[in-house]
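Data first, discussion second: the structure below is written as structure tokens.
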Amino acid sequence: MPPSPRPPAHLAGLNPEQLAAVRHRGGPLLVEAGPGTGKTRVLAARAADLLSDGTARAGGMLAVTFTNQAAAEIRGRIAAWTGGTEVRVATFHGWALAFLNEALGAAAPAPVDEADARELCAEAAAEIGLSPAEGRRRWPEVSTGRQHHPPRLPDETLARLAAAYEARLGRDGLTDFDGLILHALRLLGDPGRRAALRRALPILLVDEFQDVSPAQYELVRAMAAPGGEVTVIGDPDQAIYGFRGASPAFMARFRRDFPGTTVVRLRQAYRCPQTFLDAAGAVLGAEAGRLRADRPERPRLEVRAFADPGAEARWIARAVEGAVGGLSHDALDAGTAGGDRLRSLSDVAILYRVNALADPVAAALAASGIPFQRADARSPLDHPSVRAVRRLWEAACGRRVAFHLDRLPGGRAAWEARLPGLRVELHGRSLGGALPRLLEALDLDPRDPALEALARVAARIPPGADPAPALGHPADLVAPDLEAVRLLSLHAAKGLEFPVVFVAGCEAEVLPWPGADPEEEARLFYVGLTRASERLVLCHAGRRRLHGRRLPGRPSPFLDRIPPALREARGPAAPAGRRRPRQRTLF
DNA sequence: GTGGAGAAGATTTTT
DNA sequence: TCTTCTCCAC
């Protein structure tokens, strides 16, 4: 047999479905990619492939993701496959901001963060005779309305507030995150501009397409010609952001709006065992075997009942200890240590529907001396002292000067005279380099933990770079190699994968959440079940109280949808033994 | 600007 | 039930 030529690195190891998605040419492509089917791999490989045969120029292609982290990952993969080619990979918001800057230059609106946006909404409320408190309280509704294009503002007061808010932003040349998308759409309403953009960026790839908001969907439509080279990848079964306007229906609508769309479905799943896939599918009412597991093991899901949330939390803590090879008698009692291979703490995730459910779990982990990291921990970057430093820094860089001056401690009067001197002094410095001087000017104590966190983040930002994106990442505040169990909401777990997953609080009136769309709740549970690659434990407890209200304490109706053959119901866990608190502090 | 009393509001979240 | 916000007196 003649030696077959080795495939290029970006094609190596792809299955036929993945290969079809990567190699497709000519017209719109929709890739339906279930959990663990190699979605990110395919997106990056397709970008590399389009470059490798000259279909795309690096500058004529854009890949859009939802988070900066995902963008960085995809950028890195493409660069690795293409000998360092720099491809534009951006979030919708990041791209929109760059587009506005390019199109409007100095007239482009400057983005403010959520806290400032809320304050401006309070000011806008006051201008139309509402209380500032009402403006602040209703800002989330305004923001939700602005996920639509044109904004959808169901009541008259809200419409007035939104109009005043937009005017307030516009007066200072500002915009909020939602406004970035809306401004870009407004510009692209001009046919000449739209055509020019389509010429400049003939190739568009969109990740996590099931999560696009209505306005973002319109943006995709404006950016891509109907028969153009547009690729969207997503999983309608994992659409869990309905509360901000996303809907699995956009995947179906894409096929109508982009006639001639080729559809590729990735069915080979590399993360989960077949049992987990089938159980998760059953929750959605899908037939078994819809996704094919690559791995041979067929572990059953464990379903465990507890008397109360405290017992649930303590058992989880001991089970975690067991999974990572804790040798306490209690861990052995819980029947979790034997036979399991030892794992690292970061292989374990504990998931739940609402953050409040994490409290007993966090307490139990702390009592056992098990390090953990909570995704909902408040970012130190929201601290008033950090905000003041960032304001002064922005003003010293000449960004949004008037806006920040009014909001610095002491107000405009205290800073107007000092600012020119600071600007000269700090010119050309990075935030890290400028930090000591900023703290001095603001008379802040550098030993403040929030400011120490800022210093750590700032040290990683190169001079001249806009610090905003890096500062927005609470993940940056934690030591990256932190060896800790992850505590995550089901939403926050999307896109992640762990060998061992516990889902706490699988109970009625938690899952599904009352008043929420039950189908979306089922998809949320589906997301949770498909995070696990080796062991999956579903816990429920009686006597749960939430916001002082008693919940029924029954298991979630979703558990009934899982075929008994796939699950291993264990009654109340082994009697709680003596706990042995060890002193080992976390942060 | 601080602190205490009382009210309100308490899913999910990225940019 | 508990935390956070708001308002007003100091």
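By convention in this document, chain letters (A, B, ...) are assigned in the order of the sequence lines, proteins followed by strands, and residues within each chain are numbered from 1.
Residue-level contact check: A:Phe243 touches the bases, meaning some heavy atom is under 4.0 Å from a base atom. Within the 4.0 angstrom heavy-atom criterion, only backbone atoms of the sugar-phosphate kind lie near A:Asn355; the bases stay farther away. Among the heavy atoms of the strands, none lies under 4.0 Å from A:Phe92.
Closest contact between the side chain of A:Ala133 and the listed nucleotides B:dT12, C:dC7, B:dT15 involves C:dC7. Proximity note for A:Asn68 (side chain, C-beta onward) versus B:dT13, B:dT15, C:dT6: the nearest is B:dT15. Nearest nucleotide to the A:Trp513 side chain, out of B:dT11, B:dT15, C:dT6: B:dT11. Among C:dT1, B:dT11, B:dT15, the nucleotide with an atom closest to any side-chain atom of A:Val354 is B:dT11.
Rounding to whole angstrom units, CG of residue A:Leu524 and C1' of B:dT11 are separated by 10 Å. Taking atom CD of residue A:Gln69 and atom P of nucleotide B:dT14, one finds them 10 Å apart after rounding to whole Å. Between A:Leu357 atom CG and C:dC2 atom P there is a gap of 15 Å when expressed in whole angstrom units. Atoms CG (A:Asp359) and P (B:dT11) sit 13 Å apart, rounded to a whole Å. Atom CD of A:Glu521 and atom C1' of B:dT11 are 8 Å apart (whole Å). Atoms CG (A:Leu490) and P (B:dT11) sit 15 Å apart, rounded to a whole Å. We find that CZ of A:Arg244 is positioned 13 Å from C1' of B:dT11, with the value rounded to whole Å. Note: CG (A:Leu551) to C1' (C:dT1) measures 12 Å, nearest angstrom.
The gap from the P atom of C:dT3 to that of B:dT12 amounts to 16 Å, rounded to the nearest Å. Nucleotides B:dT11 and C:dT4 are separated by 13 Å at their P atoms, to the nearest Å.
Two rings, from A:His149 and A:Tyr217, have their centers 6.0 Å or more apart.
Considering only side-chain N and O atoms, A:Arg137 lies under 4.0 angstrom from the phosphate OP1 or OP2 of B:dG9. Close to C:dT1, at under 4.0 Å from its OP1 or OP2, lies no side-chain N or O of A:Arg550. Note on A:His491: every side-chain N or O is 4.0 Å or more away from OP1 and OP2 of B:dT14. Regarding contacts with the backbone of B:dT11, every side-chain N or O of A:Ser489 stays at 4.0 angstrom or more from both OP1 and OP2.
Toward the 5′ end of DNA chain B lies the nearest nucleotide of A:Glu520, the other residue of the pair A:Glu520 and A:Phe66 mapping further downstream.
Here the closest heavy-atom approach between residue A:Phe177 and residue A:His93 is recorded as O-CD2, 3.1 Å.
At a threshold of 4.5 Å between non-hydrogen side-chain atoms, the residues A:Arg400 and A:Arg407 do not count as touching.
Counting heavy-atom neighbours within 6.0 Å of A:Arg171 CZ, excluding the residue itself, gives a total above 12. No more than 12 heavy atoms of other residues, nucleotides or ligands lie within 6.0 Å of CZ in A:Arg554, so this atom counts as exposed by the packing criterion.
A cation-pi arrangement is found for A:Arg418 relative to A:Trp415, the charged atom lying closer than 6.0 Å to the ring centre and inside a 45° cone about the ring normal.
One N or O donor and one acceptor, one from the side chain of A:Arg353 and one from the base of B:dT11, sit under 3.5 Å apart.
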